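It should be emphasised that the depicted structure is a prediction, and the values quoted were computed from it without experimental measurement. Indexing begins at 1, ligand by ligand and atom by atom, following the structure's order.
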Amino acid sequence: MKSDILLIAFYNPKALGVRYLAEALKRAGYIPHILFLKEYNSKKPSEVSDSELTLLKKLIDDIDPKYIGLSVMSSLYIQQIIRTSNYIRDNTDCTIIWGGVYSTLFPEESLNYADYVIRGEGEGAIVDLIDALSEGVAPTNIRNLVYKVEDNRCVENPVRPLVQDLDFLGYPCIGQPNVYYITGNKLIEGDPQLRSLTYETTASRGCPFSCSYCSTVNLRRIYQGKGKYVRFRSVDSVIGELVEAKKKMRRLKLIHFWDEIFSDEKSWIEEFSLRYKREVGIPFTVWGHPLKVNEWTIKGLVNAGLYRMVVGIQSGSVHVRKHIFHRPESQKQIIDSSRIIARCGVPEVCYDFMLQHPFESLQDLVDTFELCLTLEQPFELNLHGLNFLPGTDIVEIAVSEGIFTREEMQKHVYGSMQDQYDKYWGYSGYKNESEEANVWCTLIFLTQFRSLHPLLRRIASQLEAGAIQRTAALSLLRKVYGNIVNVRRVWNKAKLLM
Ligand code: B12
Ligand code: SF4
């Protein structure tokens, strides 16, 4: 019988990457086990505890795998992965393989902790690697593989072409045997997905845009000349997966499409909206981009059951968007897209902004405020800070503009998990400490309430004329309306569940 392999995903019991890898390994005759280590917490994830590591050791002893694959998706919790990986190395004889976005972008650093690194899409490479190792063959010719040779030199094999026919990969595994979840100092057997109210999937891979703060651009560069980067599954495959998920998940209430940007391809949307409504019929959410919004697509999606759309705008300042974030959309295109979304009746719309980063002047905040006043209501705002992800173009911009030295930047991108999440949500760290900047952020936050617009305009013009604001009163207003936002969110969720 072919040997067992344990795949570990961190801070995300839904992780699609390991579920696709498990499917590929299963097809090749292996017995994949999946461990989801730690729950997903978008604001305050806790560190991997000693007793969670002990549970991991016990699990490894029980399964007795030869190979352990770690999915290293984000640099934000890289310290936790290193700690876990070192623990496995010190306490077992297993061969350690790292893969995922971080390992793809930083294979050499990853090899400090792993025996092998697989770059890019891993379905084909992991099967080839385990086949070779099991047969005692040197894996040196395997594409996507990165490994060390005797003089400690790191060899990076070329990546194989991108899988063009995504349907060929099948569906990400759910509800299979041999799935475990360690979180809150407990080990729970069984796939946590089966108990969830939501199912997550992607109908495509890749994104056509090139935002400077996003690792997607770096991934695309690695795959230059290796086939089309943005690829779509067939509608048939997506619907087939969702119908199966619906059968397995008795409590299923909502589907999240995790495509970086959801399709706007006319014939695809036409077929999808017809079949989704008929065969799946569960509300769903998508991520969108102002340049991918058109009346025809959004109407089709609403008709199919689109419940919530999150659209990245990131800044109302043309300068920040164009020159810092490398986002090509104009002010008019953003406003037009918000009108289309409103006209099509998307039930929940959320606009995403990254504020209070070191590139932002007060005028940029004023521009964001003005833009938010113009966006078609109703909408929610998701305001957060900027994470400098290692290797992204914005890191180079920050260094070349003298905002940070390379050493300071290193500290930022490899800061502790909590520090990084605080920078993302609390804007701390790079925070523009000026009282005025904070007031503008409060005004921006409040634009999601149309009834406040006359008051906000009055305060803004006083502010622009140099008048001092009663900041205590404003922060109280923000608190009150912040609570309203929270209650509205819970209420909407409750409505959906009912
Ligand atoms: C969906 C998504 C999410 C989802 C789910 C995250 C997840 N881990 O599954 C949600 C919304 C929860 C999310 C949250 C976050 N995300 Co996110 N997310 C994505 C997105 C758009 C797609 C990921 C996906 O599901 N792809 C489809 C699957 C099939 O592909 P895959 O996961 O890459 O897996 C393949 C390969 O990587 C490889 N592989 C993966 N694991 C392994 C393991 C082994 C052993 C091997 C051999 C191979 C291998 O093989 C897989 C199959 O081909 C990516 C963008 C991107 N292009 O990847 C960002 C991305 C991964 N996210 C990112 C970030 C920063 C985050 C957050 C930290 C944001 C925040 N500040 O809170 C959190 C972290 C959450 C978490 N615990 O991972 C960054 C990571 C970059 C970095 N350097 O850190 C990315 C790249 C986007 C970006 N901004 O650049 N995210
Ligand atoms: S649109 Fe989103 S996924 Fe695409 S490059 Fe920009 S931030 Fe990344």
Side-chain angles (χ1 to χ4, degrees), residues 5-25 36-43 45 67-78 80 96-106 110 114 116-130 144-145 162-163 166 169 172 200-202 204-220 229-230 256-261 287-292 310-312 314 325-329 352 354 384-393 413 417 420-421 423-425:
I5 168 160
L6 173 64
L7 299 168
I8 307 181
F10 292 82
Y11 295 95
N12 179 18
K14 310 277 186 170
L16 291 173
V18 294
R19 291 179 185 276
Y20 269 109
L21 294 180
E23 174 64 18
L25 286 162
F36 297 103
L37 184 54
K38 303 291 289 178
E39 67 181 334
Y40 176 63
N41 183 327
S42 64
K43 297 214 162 154
Y67 311 101
I68 299 190
L70 273 63
S71 182
V72 192
M73 292 305 299
S74 166
S75 50
L76 271 83
Y77 42 81
I78 188 75
Q80 300 308 306
I96 299 176
I97 305 156
W98 275 31
V101 173
Y102 178 83
S103 309
T104 302
L105 301 180
F106 299 96
S110 302
Y116 297 100
V117 166
I118 286 175
R119 290 194 292 157
E121 291 178 344
E123 287 91 344
I126 195 150
V127 172
D128 290 351
L129 175 63
I130 308 288
N144 298 51
L145 191 70
L162 286 161
V163 179
L166 295 180
L169 299 171
E200 290 70 17
T201 190
T202 58
S204 64
R205 285 189 183 181
C207 168
F209 297 104
S210 302
C211 306
S212 62
Y213 47 83
C214 177
S215 306
T216 294
V217 190
N218 308 67
L219 294 175
R220 198 170 56 218
Y229 186 64
V230 183
H256 291 298
F257 281 98
W258 270 352
D259 303 68
E260 285 137 306
I261 301 298
W287 294 331
H289 189 288
L291 294 181
K292 291 279 179 190
V310 180
V311 180
Q314 313 309 359
F325 291 167
H326 298 169
R327 293 185 63 107
E329 58 277 20
D352 221 39
M354 301 193 302
H384 49 88
L386 165 69
N387 269 138
F388 285 95
L389 298 173
T392 50
D393 291 354
V413 298
M417 180 170 66
Q420 300 221 39
Y421 274 84
K423 284 194 176 96
Y424 189 66
W425 288 113

Below 4.0 Å, non-hydrogen atoms only: which portion of Y213 touches ligand 1? Side chain, backbone, both or neither. neither

Between W287 and ligand 1, which part of the residue brings a heavy atom under 4.0 Å of the ligand: side chain, backbone, both or neither? side chain

Distance check, rounded to the nearest 0.5 Å: F106 atom CZ versus S215 atom OG? 7.5 Å

Note: N387, heavy atoms under 4.0 Å from ligand 1, region reported as side chain

So, does H289 use its side chain to make a donor-acceptor pair with the main chain of L291 at under 3.5 Å? yes

Just need the protein heavy atom nearest to atom 32 (O) of ligand 1, so name the residue and atom and give the distance. M73 CE, 3.1 Å

From atom 65 (C) of ligand 1, work out which of L76, N41, N12 has a heavy atom at the shortest distance. L76

Which atoms of ligand 1 have any heavy atom of L16 under 4.0 Å away? 25 (O)

Pick whichever of S103, S74, G122 has a heavy atom sitting closest to atom 50 (O) of ligand 1. G122

Give a yes/no verdict on whether any heavy atom in Y40 is under 4.0 Å from an atom of ligand 1. yes

Rounded to the nearest 0.5 Å, what separates atom OG in S71 from atom CD1 in I118? 11.5 Å

Parallel, tilted or perpendicular for F325 and Y213, by the 30°/60° rule? perpendicular

Of all the atoms in ligand 1, which lie at a distance below 4.0 Å from a heavy atom belonging to L219? 57 (N)

Nearest heavy atom to atom 76 (C) of ligand 1, choosing from F388, W258, Y229, Y77, belongs to Y77

Pick one of side chain, backbone, both or neither for how T202 approaches ligand 1, counting any non-hydrogen atom pair under 4.0 Å. neither

To the closest 0.5 Å, what do you measure between OH (Y102) and CG (L76)? 11.5 Å

For ligand 1, which atoms have a heavy atom of I97 less than 4.0 angstrom away? 45 (C)

Counting only heavy atoms, which portion of Y424 has something under 4.0 Å from ligand 1: side chain, backbone, both, or neither? side chain

Under 3.5 Å: donor-acceptor pair, side chain of E23, backbone of P172: no

I need the N144 CG to T104 OG1 distance, nearest 0.5 Å. 8.5 Å

Note: F10, heavy atoms under 4.0 Å from ligand 1, region reported as backbone

Using a strict cut-off of 4.0 Å, indicate which atoms of ligand 1 neighbour a heavy atom of E121. 53 (O)

Look only at the side chain of R327 and the backbone of G312, and say whether a donor-acceptor pair between them is shorter than 3.5 Å. yes

Quick one: does atom 62 (N) of ligand 1 have a protein heavy atom under 4.0 Å from it? no

Taking atom 72 (O) of ligand 1 as the reference point, the nearest protein heavy atom with its distance: Y421 CE2, 3.6 Å

For the pair R220 (side chain) and V230 (backbone), establish whether a donor and an acceptor sit closer than 3.5 Å, ignoring hydrogens and angles. no

Ligand 1 atoms nearer than 4.0 angstrom to some heavy atom of Y20 are 29 (C)

Side chain or backbone of T104 under 4.0 Å from ligand 1, or both, or neither, by non-hydrogen atoms? neither

So if I count the atoms of ligand 1 from 1 in the order they appear, which ones are less than 4.0 Å from some heavy atom of L70? 43 (C), 44 (C), 45 (C)

Is there a protein heavy atom at a distance of less than 4.0 Å from atom 17 (Co) of ligand 1? no

Tell me the salt bridge (Lys or Arg N to Asp or Glu O under 4.0 Å) pairs involving residues 7-21, sequence neighbours left out? K14-E200, R19-D191

Closer than 4.0 Å to some heavy atom of Y213 - which atoms of ligand 2 meet that? 7 (S)

With atom 36 (C) of ligand 1 as the reference point, say which of G120, G17, G99 has the nearest heavy atom. G120

Which atoms of ligand 1 have any heavy atom of T216 under 4.0 Å away? 57 (N)

Measure from the side-chain N and O atoms of Q420 to the backbone N and O of V413, and report whether any donor-acceptor pair falls under 3.5 Å. yes

Using a 4.0 Å cut-off to any heavy atom of E123, which atoms of ligand 1 qualify? 52 (C), 53 (O)

Heavy atoms of the protein only: does one fall short of 4.0 Å from atom 86 (C) of ligand 1? yes

To the nearest 0.5 Å, what is the distance between OG (S204) and CD1 (I261)? 9.0 Å

Separation between CG (L105) and OG (S110), nearest 0.5 Å, reads 9.0 Å

Taking non-hydrogen atoms only, is R205 closer than 4.0 angstrom to ligand 1 via side chain, backbone, both or neither? side chain

For atom 6 (Fe) of ligand 2, check which protein N, O or S atoms are under 2.8 Å away and list them. C211 SG

Considering only the protein, which heavy-atom contact is closest to atom 55 (C) of ligand 1, and what is its distance? E260 OE2, 3.5 Å

Among A24, C214, G69, P172, the residue with a heavy atom nearest to atom 88 (C) of ligand 1 is C214

